[in-house]
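Here the structure comes first, spelled out in C-alpha cells, and everything after it is commentary.
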Amino acid sequence: MYYKGIYHLFYQYNPKGAVWGNIVWAHSVSTDLINWIPLEPAIYPSKPFDKYGCWSGSATILPDNKPIILYTGIVDQNNTQVQNYAIPANYSDPYLREWVKPDNNPVVSPGIGVNRTAFRDPTTAWWSKDGRWRILVGSRRKHRGMAYLYRSRDFTRWTKAQHPLHSVAKTGMWECPDFFPVAVDSEIGLDTSHTEGNIKHVLKVSLDLTRYEYYTVGTYLRDKDRYIPDNTSDDGWAGLRFDYGNFYASKTFFDPSKNRRILWGWANESDTPKEDVQKGWAGIQTIPRRLWLDRSGKQLVQWPIEELETLRGHKAELSNKQLSLGKVVEIKGVTAAQADVEVIFTIPSLDKAEAFDLNWVGMDAQQLCGLKGSTVQGGVGPFGLLTLASEHLEEYTPVFFRIFKAEEKHVVLMCSDASSSSLKQNYKPSFAGFVDVDLTDKKLSLRSLIDHSVVESFGAGGKTCITSRVYPTLAVGKNARLYTFNNGTEAITVESLKAWSMSKPLMN
C-alpha cells in the first residue's frame, strides 16, 4: 500500500523462529520499493476474535486517504476463521506505526453453508456507484473453489451476496484471491475501484491443494456482481500463472504515485526446515513487478520495477556472439551470485525445430522440461543462461528456451531447471512454462535476476515468468559463474547481452 509518500509492506511472519507458526502481521516501509526499514508488527493476536492467529488479508484506502486493513482472525482451536478490521491509531503518521483493532470485530463471520475452517484472505475492497463497498473472501465448498462476495456501505457491516463472484469445481480451497481491473489499450495501472473506459478484470487465486496459483482475464458484470472469464485460457489447474516457479500467495496493489499496478509474490524455501532454522530465516518476497495486460488481451505481462536498476553496478556486455552446438561462453566481469542479466537471442532459422510429439499433448510444461532438459540435445535449443554455475559445471541452474514445431505453429518452452542446481539432495524441480510469442522476427529475450538462492526470470519481455529457489554448495559467492550456452543443432546468436553486478539494498 502507498500512503503519504511511503510504501507499506505487511507480511506473515513468525517472530519466534524460521518455521511456520506464531503468525503476526510484520510491517516494513520504503520510499522506493527496494530499500526497506522494518517496524514493529502491525497486527498480532491479542483479542478474542484473533486469539489463535492473525492470518492474511488486504489493505484498502478509504475516502479522505484513510487506510484500513481487513484480515483473517482465528478464534478457536478448531481453526474457525473470521474477518476483522484494523485502523491506524494516528493517521498523521506516514509510517503508520500503530494499528488499532476495534471491539466491534469480527465484521464478517462464516454463515450457514460456509466452511468455517476454509474462509480467509479478504481482498482489497472496491467501491461501486450504488454506494457500497465489495470484497471477496476465499473459500471452498467440498472440492469447489469459491470467491464469496460481501457488500457494505460503512465497511463494518457486511452482507454476503446470494451467489459467489466466481467458483470452479475440483479446484479446492482458494487462498489469497485478488481481483482488479486492467486497461485494455494501455500499460498504466488502475485503481481497484476503476470502472471507466475500455477495461478487463483479472481474478487470481492461490490453490491450497497444489501450492501454485492461476488467473483468468475476463469481464466483471457489475449489475449482477458476477465475473465471467474469457475463453482464452483454462479456468482451472491448467490456467495461466503469474509465475510458473516457486511463487505463491501473491498480492497486487495500485501505486497512485506512478499509476501502475505492482505485484508481490512469496517464494518459500526449497531446503529443509532444519536448514532454515540453522540460517535463521525462511521465505522471501520476490522483486516487485509492474503488471499490465498484453496487447493480445489474453494474458498479463510482468516486469521488474524500474527502481531496481538503481542497484546496478559494474556492467559486462556481449554482442553478435554465435553459439554453435555445445558452445558455452562465460560472462566475466560481474558478480555472478548477485546480478541482473538481459539478453536477446536471434534464431537464424526455425527449420530444425523438433516436432512436438502428440504424446506431449496434455503434459504440462514442467513435465516436458524434466523430459527435455538443458543437457538433452535439440534442434532449436535448448539455449539460454547457466546461472549460479560452478567452475566445472558440477552445479548450475539453466534458464533456457527450446522451440518445437507443432501442426499449426511453433511451441516455445521456457525452463528454469533446478535439478542440477546443487550437489545437495533437496527439492530441485524443473520449473517451466510455455511462451505465447510471435517468432516472425526470430528473436527471443530473457532477463534473469540472480541473488544467491533465487533466480527470477522473465521470458519474451515478461510474458512468461519463473522463479527458482536453489542452494548451491560450490557456486557460492565469488565462486559462482555465469554462462550463456546452446545445445541445439541450429546455431544461435547472442545479439545483445548486458549483465550488471547488483549492490545490496537496505533489507530487513
key: Polar side chain donor-acceptor pair, S128 to D130, under 3.5 angstrom   = no
query = Can you list the steps and then say if L308 with L449 is a side-chain contact (heavy atoms from CB on, under 4.5 Å)?
reply = CA-CA 10 Å; L308 180 66; L449 306 176; 3.7 Å; yes
inquiry  = Take a 6.0 Å sphere around NZ of K279 and say whether it holds more than 12 heavy atoms from other residues, nucleotides or ligands.
reply    = yes
inquiry  = Checking E213 against S206: is there a side-chain donor and acceptor pair closer than 3.5 Å?
reply    = yes
task = Verify side chain to side chain donor-acceptor pair (under 3.5 Å) between T192 and T124, making sure each step is shown before the conclusion.
result = CA-CA 8 Å; T192 307; T124 295; 5.3 Å; no
message = Do H166 and D235 pair up side chain to side chain, a donor and an acceptor below 3.5 Å, judged on atom types alone?
response = yes
remark   = So the salt bridge (charged side-chain N to carboxylate O under 4.0 Å, His left out) pairs with at least one residue in residues 61-78 (sequence neighbours excluded) are none
ask   = For Y244 and T467, does a side-chain donor sit closer than 3.5 Å to a side-chain acceptor?
value = no
inquiry  = Working to the nearest 0.5 angstrom, can you tell me the gap between C176 SG and D121 CG?
reply    = 4.0 Å
inquiry  = Please evaluate residues D103 and K47 with respect to the criterion salt bridge (charged side-chain N to carboxylate O under 4.0 Å, His left out), reporting the C-alpha separation (whole Å), side-chain torsions for both, the decisive distance (0.1 Å), and the verdict.
reply    = CA-CA 8 Å; D103 288 332; K47 298 280 185 84; 3.0 Å; yes
ask   = Any side-chain donor paired with an acceptor under 3.5 Å for S453 and R469?
value = yes
request  = Take atom NZ of K4 as the centre, draw a 6.0 Å sphere, and report whether it contains more than 12 heavy atoms from other residues, nucleotides or ligands.
outcome  = yes
request  = Taking atom types as modelled, find out whether S448 and T387 have a side-chain donor-acceptor pair closer than 3.5 angstrom.
outcome  = no
Close side-chain approach of V412 and L444, heavy atoms under 4.5 Å = yes
message = For Y2, is the OH atom crowded, meaning more than 12 foreign heavy atoms sit under 6.0 Å from it?
response = yes
inquiry  = Any donor-acceptor pair under 3.5 Å linking the side-chain atoms of R151 with those of T159?
reply    = no
Candidate list F179, F180, Y220, test ring pair (Phe, Tyr, Trp, His ring centres under 6.0 Å), partner Y227, passing option = F179
message = Looking at T286 and G265, would you say the former's side chain and the latter's main chain have a donor-acceptor pair under 3.5 Å?
response = yes
task = Let me see the working for L240 and T216 under side-chain contact (heavy atoms from CB on, under 4.5 Å), right down to the final yes or no.
result = CA-CA 7 Å; L240 296 169; T216 54; over 6 Å; no
task = For the residue pair Y148 and Y150, categorise the inter-ring angle as parallel (less than 30°), tilted (30 to 60°) or perpendicular (more than 60°).
result = perpendicular
query = Any side-chain donor paired with an acceptor under 3.5 Å for S30 and N35?
reply = no
key: Under-4.0 Å salt bridge between R261 and D255   = no
ask   = Can you list the residues that meet the ring-ring contact (aromatic ring centres under 6.0 Å, His included) rule with Y215, with sequence neighbours excluded?
value = F242
Whether N246 side chain and S468 backbone form a donor-acceptor pair below 3.5 Å = no
message = Is it true that, when you exclude K258 itself, more than 12 heavy atoms of the residues, nucleotides or ligands shown sit nearer than 6.0 Å to its NZ?
response = yes
ask   = Does a side-chain heavy-atom distance below 4.5 Å link V24 with P45?
value = yes
ask   = So, are R289 and E456 salt-bridged, with charged N and O less than 4.0 Å apart?
value = yes
ask   = Is the NE2 atom of H163 crowded by more than 12 outside heavy atoms at less than 6.0 Å?
value = yes
Intermediate values then yes/no, side chain to side chain donor-acceptor pair (under 3.5 Å), S92 and N90 = CA-CA 5 Å; S92 64; N90 181 7; 2.5 Å; yes
inquiry  = Under a 4.0 Å threshold between the charged nitrogen and the carboxylate oxygen, would E342 count as salt-bridged to R312?
reply    = yes
ask   = Got a sec, which residues hit side chain to side chain contact (heavy atoms under 4.5 Å, CB included) with W20, two or more places apart in sequence or on another chain?
value = I23, W55
inquiry  = Any donor-acceptor pair under 3.5 Å linking the side-chain atoms of E269 with those of Y471?
reply    = yes
inquiry  = Using a 6.0 Å distance limit plus a 45 degree cone around the ring axis, check whether R241 lies over the aromatic ring of Y214.
reply    = no
Flag for S233-K298: side-chain donor and acceptor within less than 3.5 Å = no
inquiry  = Does any part of the side chain of W292, heavy atoms only, come nearer than 4.5 Å to the side chain of W303, both counted from C-beta?
reply    = yes
task = Look up atom CG in N259 and atom OG in S186, then write down how far apart they are to the nearest 0.5 Å.
result = 9.0 Å
ask   = Taking it one step at a time, do D436 and Q299 satisfy side-chain contact (heavy atoms from CB on, under 4.5 Å)?
value = CA-CA 9 Å; D436 186 3; Q299 69 163 96; 3.8 Å; yes
inquiry  = Taking R116's backbone N and O only, do any of them form a donor-acceptor pair with T80's side chain (distance below 3.5 Å, no angle check)?
reply    = no
ask   = Any chance CD of Q278 has more than 12 other-residue heavy atoms, nucleotides or ligands included, within less than 6.0 Å?
value = yes
ask   = Under 3.5 Å, is there a donor-acceptor pair between the Y71 and D50 side chains?
value = yes
message = Return the CE to CD1 distance between M502 and I450, rounded to the nearest 0.5 Å.
response = 10.5 Å
message = Within a 6.0 Å radius of atom CD on E40, are there more than 12 heavy atoms belonging to other residues, nucleotides or ligands?
response = no
query = Is there side-chain contact between T117 and N78, with heavy atoms separated by less than 4.5 Å?
reply = no
request  = Check whether any side-chain heavy atom of V82 lies under 4.5 Å from a side-chain heavy atom of N84, and answer yes or no.
outcome  = yes
query = Looking just at side-chain N and O atoms, do Y85 and N104 make a donor-acceptor pair shorter than 3.5 Å?
reply = yes
query = Any ion pair linking R260 and E307 (charged N to carboxylate O, less than 4.0 Å)?
reply = yes
inquiry  = Would you compute the distance between atom CD1 of I188 and atom CZ of F254 and round it to the nearest 0.5 angstrom?
reply    = 7.5 Å
ask   = Is there a side-chain contact between V182 and H201, using heavy atoms and a 4.5 Å cut-off?
value = no
request  = With the side chain counted from C-beta on, respond yes when P88 and W99 share a heavy-atom pair under 4.5 Å apart, and no when they do not.
outcome  = yes
query = Do the side-chain N and O atoms of S296 and D294 include a donor-acceptor pair separated by under 3.5 angstrom?
reply = yes
ask   = Is the closest side-chain heavy-atom distance between T31 and I6 below 4.5 Å?
value = yes
inquiry  = Under 4.0 Å between a side-chain nitrogen and a carboxylate oxygen: does that hold for R295 and E187?
reply    = no
request  = Consider only side-chain N and O atoms of K204 and T252, and report whether a donor and an acceptor are under 3.5 Å apart.
outcome  = no
task = Would you check if the side chain of Q302 reaches a backbone N or O of D243 as a donor-acceptor pair within less than 3.5 Å?
result = no
request  = Please determine, by modelled atom types, if N268 and S270 share a side-chain donor-acceptor pair under 3.5 angstrom.
outcome  = no
query = More than 12 foreign heavy atoms under 6.0 Å from CZ of R211: is that the case here?
reply = yes
request  = Carefully, step by step, assess F155 and L70 under the rule side-chain contact (heavy atoms from CB on, under 4.5 Å).
outcome  = CA-CA 10 Å; F155 228 88; L70 288 173; 3.8 Å; yes
D230/K200 ion pair, N-O < 4.0 Å = yes
